[in-house]
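Remarks on the structure that follows.
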There are 2 protein chains.
Amino acid sequence: MFVDSLLDLPQLRTFYTLVQAGSFTACAGRLNRTQSAVSHAMAKLENQTGVTLLARRGRTLGLTEEGRRLYQACEQAFATLDAAADDLRRHQTLAKGRLRVGATLEFGSSILMKHMQPFLAANPDLEIDFTLDHELLGPLLRDDLDLIIDCLEHPLPTLKKSPLFRETYVVACAPGFRKAHRLRVPADLSSGPVLSLDKAGAWWNRFLMAVPDREQPQLDHIIAVNHIRAMIHAAIEGMGALLVPRYSVLEELQRGALVALFPAIRPTEDRFSIYQKKVKAGQEKQRLLTRYLQGLSPEEFGS
Amino acid sequence: MFVDSLLDLPQLRTFYTLVQAGSFTACAGRLNRTQSAVSHAMAKLENQTGVTLLARRGRTLGLTEEGRRLYQACEQAFATLDAAADDLRRHQTLAKGRLRVGATLEFGSSILMKHMQPFLAANPDLEIDFTLDHELLGPLLRDDLDLIIDCLEHPLPTLKKSPLFRETYVVACAPGFRKAHRLRVPADLSSGPVLSLDKAGAWWNRFLMAVPDREQPQLDHIIAVNHIRAMIHAAIEGMGALLVPRYSVLEELQRGALVALFPAIRPTEDRFSIYQKKVKAGQEKQRLLTRYLQGLSPEEFGS
DNA sequence: ATATGACATGAGCTAAATTCATGTTTGTGG
DNA sequence: CCACAAACATGAATTTAGCTCATGTCATAT
């Protein structure tokens with residue numbers, strides 16, 4: 001029944017916090033969980049051990065004798081582990097020197113800048129230069145850059161590629177625009193203007209290919225804007241619907257300036273990767289930055 | 001980035017085992033995981049802490065200075081926790097006295113008996129009587145039984161109900177029978193005999209109701225057998241297809257004496273619950289048995 | 001009595017951990 | 001020196017475990 005360790009570590013941590021907090025609700029608060037989660041966890045712990053640990057006396061929470069002993073063990077064990085964690089943090093190898101980073105314009109100016117601050121703060125002896133451009137491979141090979149973040153494939157044997165995140169695309173528009181044009185399904189896009197990076201509307205192909213034949217819209221009314229940021233502002237003003245990488249409009253979606261359309265349609269994704277010369281990828285400063293960026297991955301990139 | 005504890009406890013346990021085992025593959029063996037799982041876990045641990053812990057020197061596994069310190073902390077912390085776990089196990093409150101348990105015939109004689117041994121062994125001072133019958137509520141209310149396990153609903157305010165498991169049904173037959181009658185879809189059942197608890201075939205309604213109209217079989221050739229165990233033996237001999245609770249044929253399915261048919265069809269499930277008088281549910285012996293049975297839950301019941 | 005606060009419960013869902021299939025690196029024997 | 005094998009890494013798909021939501025129960029206060 002108990003395969004490896006008799007005690008389930010996450011549950012113990014919950015138990016430990018619960019005793020300190022004094023109530024399920026308070027414990028849930030500290031752990032950023034709901035009261036329900038704490039309750040489930042404690043029920044499971046008591047079942048797995050087969051021992052009653054908590055004495056629910058009406059509205060006050062007590063411990064059984066066994067619970068008290070377990071708490072003491074937790075106190076000691078977690079103190080040890082937390083000390084070890086602090087120790088690790090202090091001994092985190094710090095990057096130093098100079099690092100020249102390249103990235104695509106849109107990604108670099110939004111997401112990358114937004115997340116570099118903590119890394120810079122943690123590594124005060126590191127100086128970073130950013131170069132935002134579309135042509136990144138050349139400078140990398142010429143050693144004008146040490147590390148680039150790009151969504152193009154560069155399959156060269158001298159380069160080390162580290163996947164960073166998948167760029168997902170969204171169709172979005174201003175809330176008022178959706179209402180005015182009654183946008184419910186992709187076909188409804190025929191009725192209003194759409195914003196495109198190019199005049200011909202090829203920009204939208206990525207989306208159209210993901211739409212089932214039945215619902216294909218006719219994109220007749222195209223407004224070309226050759227700059228993504230400008231396109232976003234145009235969309236916010238209600239000039240039309242747009243298709244952009246989700247990361248570029250994370251903030252607008254959150255505060256409601258734009259609303260995402262047709263979540264069921266999933267356009268093909270691009271993959272952003274970090275590229276570095278293999279010979280230099282081993283350097284501490286490069287390794288640390290790579291690791292830091294990969295550590296962000298969840299939905300910080302909107303994927 | 002690290003919300004609660006800086007160190008992810010399950011990953012630490014993996015790290016600890018890895019160092020002891022000396023290799024990823026060996027560690028995976030001890031933890032009943034794959035090598036890949038260990039690799040993923042360690043990669044994540046090193047990323048989250050931002051510290052290199054393992055020195056992969058070719059074919060031998062070493063530790064960095066930080067890794068060594070972390071291992072020592074683990075050693076101490078886990079020793080404490082394991083000791084606490086042992087302590088808990090020793091102080092597990094034991095049931096004693098006499099407990100009269102009732103259960104339905106089929107469930108009691110198969111699954112229940114199969115799983116009671118460990119509980120009895122762990123509680124030598126407990127004497128248990130089993131009563132297997134279909135009429136269980138009366139004896140419970142009359143205090144001839146202390147605790148019953150039943151799939152009927154007994155919504156009485158004086159009773160405490162504890163859900164135990166969901167009884168799923170399967171259609172099955174002998175492998176030869178399936179071949180002989182070419183059973184591919186439910187409609188194929190028309191071509192051969194089916195076993196039923198009752199002569200009229202109402203026993204099969206539970207299944208028929210889950211079959212889409214298009215595929216409804218005509219159950220003309222019904223062989224009535226008024227006992228489930230006998231029905232199972234009949235099916236093994238190739239006398240027909242049967243419909244039974246999955247738990248009653250777990251063993252036969254495993255060793256291939258019977259094969260499950262139409263896994264896509266999901267007949268409605270019954271729920272087995274433990275019922276006890278509320279006034280007696282608080283007693284240690286009743287609580288412990290309830291907890292033990294609920295702890296089994298996974299697929300021990302075939303659901 | 002009824003309302004209120006605190007925990008329990010179940011179903012459904014989401015996110016994380018695991019596995020599968022495959023690639024990469026390092027040491028070994030031909 | 002090259003091919004091979006052993007040990008770990010990686011990505012994608014899948015499974016599982018844990019969380020949340022909605023609701024129920026119970027004890028205490030009004």
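Within the structure, salt bridge (charged side-chain N to carboxylate O under 4.0 Å, His left out) contacts touching residues 14-25 of chain B (residues at least two apart or in different chains) do not occur.
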What nitrogen or oxygen pairs link the protein and nucleotides 13-18 of chain D at under 3.5 Å?
| residue | atom | partner | partner atom | Å |
| --- | --- | --- | --- | --- |
| D:dG18 | OP2 | A:Lys44 | NZ | 2.6 |

Protein N or O to nucleotides 22-24 of chain C N or O, pairs below 3.5 Å:
none

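Within a heavy-atom distance below 4.0 Å of DNA chain C, the residues of residues 14-29 of chain A found are A:Ser23, A:Phe24, A:Thr25.
With sequence neighbours excluded, no residue satisfies side chain to side chain donor-acceptor pair (under 3.5 Å) with A:Gln35. Applying the ring-ring contact (aromatic ring centres under 6.0 Å, His included) test to A:Phe24 and every residue at least two apart in sequence or in another chain returns nothing. With sequence neighbours excluded, no residue forms a ring-ring contact (aromatic ring centres under 6.0 Å, His included) with B:Phe15. A search for ring-ring contact (aromatic ring centres under 6.0 Å, His included) contacts involving B:Tyr169 returns nothing, not counting sequence neighbours. In this structure B:Phe107 satisfies the ring-ring contact (aromatic ring centres under 6.0 Å, His included) test together with B:Phe165, B:Tyr247, B:Phe272, sequence neighbours excluded. With sequence neighbours left out, A:Lys277 forms a side chain to side chain donor-acceptor pair (under 3.5 Å) with A:Asp143. Looking at residues two or more places apart in sequence or on another chain, you find a side chain to side chain donor-acceptor pair (under 3.5 Å) between A:Gln276 and A:Thr290. Scored by the side chain to side chain donor-acceptor pair (under 3.5 Å) test, B:Gln20 finds B:Tyr16 as partners (sequence neighbours excluded).
Between the side chains of B:Arg287 and A:Thr52, a donor-acceptor pair is found at a separation under 3.5 Å.
Position along DNA chain D of the nearest nucleotide to A:Ala41 versus B:His40 favours B:His40 as the more 5'-ward residue.
Of the side-chain N and O atoms in A:Lys161, none sit less than 4.0 angstrom from OP1 or OP2 of D:dA9.
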